[in-house]
There are 2 protein chains.
Amino acid sequence: MQAKALLKEHVLKIASLTDDEFDYFFSHFKPETFKKGQSIISEGDAVDKEYFVIDGCLKAFFVNDEVKMYILQFAMPTWWASDYAALYNKTKATINVDCVSDAEILSLSNSDREKICSELHQVEHFFRWRTNRGYVAAQKRLLSFMNNDTKTRYEELLALYPALYNTVPKHLIAAYLGVSRETLSRLYNASK
Amino acid sequence: MQAKALLKEHVLKIASLTDDEFDYFFSHFKPETFKKGQSIISEGDAVDKEYFVIDGCLKAFFVNDEVKMYILQFAMPTWWASDYAALYNKTKATINVDCVSDAEILSLSNSDREKICSELHQVEHFFRWRTNRGYVAAQKRLLSFMNNDTKTRYEELLALYPALYNTVPKHLIAAYLGVSRETLSRLYNASK
DNA sequence: TCACGAATGTGATCTACATCACGTAACCAA
DNA sequence: TTGGTTACGTGATGTAGATCACATTCGTGA
């Protein structure tokens, strides 16, 4: 699907915008393409954009001690990604974003988002809704972390992102679940 | 401080509202008081309000198997609490909210929030900002869960809620950290 | 098409934390 | 005051998952 059509469908589910208003909204987005493995945000960068995924898959992750990687979120088409802590607080990135596969995305700068949010009430409404969903999802994941064992979380992940199962390397799935790749391997080989 | 003044100070940091607009905004809130231990939202309830804490302390928590309790959030003055998943999706509560201490709060119904958000752009702006903060905090906590050991998370908690240290029972702190009360006890007795 | 690094599987240990069990101290309510 | 519930401390033991070590397979670029 065309980038514009995909974003339009996504936004109009929540916000009532005329065609002209949507066109104006859309004019602030910039299409970008990235290759598999390419980095979009690196730790230490100044962050001034967020990204809407049209095609492909991104991952937002944190790296500890230059060694262990923890994936906060996979971003599939119609999902948004950035280092929001850095974006909103205007601090340097502590989170990395890069491409699990070749990706086609739309970028939106922080200042443009704030501008169109203040210009169009419905756009602000849309972004409130979007962040709400993220908040609820993050809380749910937090609970799952505290409450469920790794196997259950593995099954939840496959339910949430069925497309991931055969698309992304297992060690990334382990990094999302917060377990070692060895444990993950034993887990799904044992459960057969 | 008066409830109205506290809310006003909190909101005006983000939103530009005239006195009349704030008065109108405030007219949708309803003051309520609760006793220590009293329940505000119970699992299975229909949820139609969120709560702004004026005084005291609430906890939002999940109970598994009628046995283990996990605390999602403590809510101190100027913090908000509810079961947001239930509130936004209009489903039954899966999360409980109750009072760690006697509490004075302001309640706001879901429909009133949506109404004033659509009536006053600045109010919508405020709630977008508020949820953003919650989202970023939830992500940060998620990362801390994956990355840090219990001792580090214990120290983070004390930094985040210094007032909690001597106010709330240790087993609630354990429930926030996601460890058993025994482990927590050994932990801070060992580190002396 | 070959080769080399990345991804994956699997065994052997090690460890943080859960769980069970029990004792003591603090806090209300009659 | 007293009796009972709730909070807290601490030992003994069990276990999920980390870590280390190495073998195997896969994928991608020259």
Side-chain angles (χ1 to χ4, degrees), chain A residues 34-39 56-57 59 61-71 74 98-102 143-158 164-192, chain B residues 35-39 57 59 61-71 74 98-102 143-158 164-192:
Chain A
F34 290 90
K35 295 275 181 198
K36 175 175 175 175
Q38 220 179 327
S39 177
C57 178
K59 63 177 198 282
F61 61 104
F62 173 77
V63 177
N64 167 296
D65 308 329
E66 316 279 317
V67 177
K68 285 186 224 162
M69 174 179 78
Y70 299 100
I71 294 180
F74 290 109
D98 65 31
C99 298
V100 173
S101 63
D102 289 357
L143 264 187
S144 181
F145 245 94
M146 294 200 274
N147 189 37
N148 299 134
D149 61 16
T150 305
K151 192 171 187 174
T152 308
R153 295 208 314 283
Y154 172 64
E155 283 152 10
E156 271 183 6
L157 174 63
L158 293 190
L164 278 184
Y165 182 60
N166 284 311
T167 343
V168 316
K170 308 289 187 226
H171 74 270
L172 292 187
I173 294 188
Y176 181 92
L177 296 176
V179 294
S180 68
R181 54 170 203 82
E182 293 95 327
T183 297
L184 179 64
S185 168
R186 283 184 251 267
L187 212 95
Y188 59 72
N189 286 322
S191 69
K192 266 189 290 204
Chain B
K35 295 277 181 198
K36 174 175 175 175
Q38 218 180 329
S39 176
C57 178
K59 64 177 199 282
F61 62 104
F62 174 78
V63 177
N64 166 295
D65 306 329
E66 316 278 318
V67 177
K68 286 187 223 160
M69 173 180 77
Y70 299 101
I71 294 179
F74 290 109
D98 66 31
C99 298
V100 173
S101 63
D102 288 358
L143 263 186
S144 181
F145 246 94
M146 295 199 273
N147 188 40
N148 299 134
D149 61 16
T150 304
K151 192 171 187 173
T152 308
R153 296 209 314 282
Y154 172 65
E155 283 152 9
E156 272 182 7
L157 174 64
L158 293 190
L164 238 49
Y165 180 62
N166 284 309
T167 343
V168 316
K170 308 288 185 227
H171 74 270
L172 292 187
I173 295 188
Y176 181 91
L177 295 175
V179 294
S180 68
R181 55 168 201 83
E182 292 95 331
T183 297
L184 180 64
S185 168
R186 283 184 251 267
L187 211 93
Y188 62 69
N189 285 322
S191 69
K192 267 187 290 202

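Proteins get letters first, then strands, A, B, ... in listed order; numbering begins at 1 in each.
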N/O (side chain, A:Tyr188) to phosphate O (OP1/OP2, C:dT8) under 4.0 Å
no

Whole-Å distance separating the OH atom of A:Tyr70 from the C1' atom of D:dG17
12 Å

Can you check the A:Leu172 CG to C:dA7 P distance for me, whole Å?
8 Å

How many Å lie between CZ on A:Arg153 and P on D:dA16, as a whole number?
14 Å

Could you tell me whether A:Lys170 sits above the aromatic face of A:Tyr188, with NZ or CZ closer than 6.0 angstrom to the six-membered ring centre and within 45 degrees of the axis?
yes

Check: A:Tyr176 ring centroid to A:Phe74 ring centroid under 6.0 Å
yes

Would you kindly compare B:Asp149 and A:Val168 by the position of their nearest DNA chain C nucleotide and give the one closer to the 5′ end?
A:Val168

Between D:dT28 (P) and A:Asp102 (CG): distance, integer Å:
11 Å

Kindly say whether B:Lys36 contributes a backbone atom to a donor-acceptor pair with the side chain of B:Asp102 at under 3.5 angstrom?
yes

Contacts under 3.5 Å, N or O only, protein and nucleotides 18-24 of chain D:
| from | atom 1 | to | atom 2 | distance (Å) |
| --- | --- | --- | --- | --- |
| D:dA18 | OP1 | A:Ser180 | N | 3.2 |
| D:dA18 | OP2 | A:Ser180 | N | 3.1 |
| D:dA18 | OP2 | A:Ser180 | OG | 2.9 |
| D:dA18 | OP2 | A:Thr183 | OG1 | 2.5 |
| D:dT19 | OP1 | A:Lys68 | NZ | 3.4 |
| D:dT19 | O4 | A:Arg186 | NH2 | 3.0 |
| D:dC20 | N4 | A:Glu182 | OE2 | 3.2 |

Sub-3.5 Å donor-acceptor pair from the side chain of B:Ser101 to the main-chain atoms of B:Cys57, do we have one?
yes

OP1 or OP2 of C:dC17 less than 4.0 angstrom from a side-chain nitrogen or oxygen of B:Thr150, does that happen here?
yes

Examine A:Lys59 relative to A:Phe61 and say whether NZ or CZ is less than 6.0 Å from the centre of the six-membered ring and inside a 45° cone about the ring axis.
yes

Distance-only, no hydrogens or angles: does the A:Arg181 side chain make a donor-acceptor pair with backbone N or O of A:Ala174 under 3.5 Å?
no

What is the separation between atom NZ on A:Lys170 and atom P on C:dT10, rounded to the nearest whole Å?
13 Å

Consider the side chain of B:Pro169, meaning its heavy atoms from C-beta on, and name the nucleotide among D:dG9, D:dT28, D:dC8 that approaches it most closely.
D:dC8

CG on B:Leu172 to CG on B:Leu184, rounded to 0.5 Å:
11.0 Å

OP1 or OP2 of D:dT6 under 4.0 Å from side-chain N/O of B:His171:
no

Whole-Å gap separating C1' (C:dC17) and CE (A:Met146)
16 Å

Whole angstrom is fine here: how far is it from CG in B:Leu187 over to C1' in D:dC8?
15 Å

Rounded distance in Å - CG (B:Asn189) to C1' (D:dT10):
9 Å

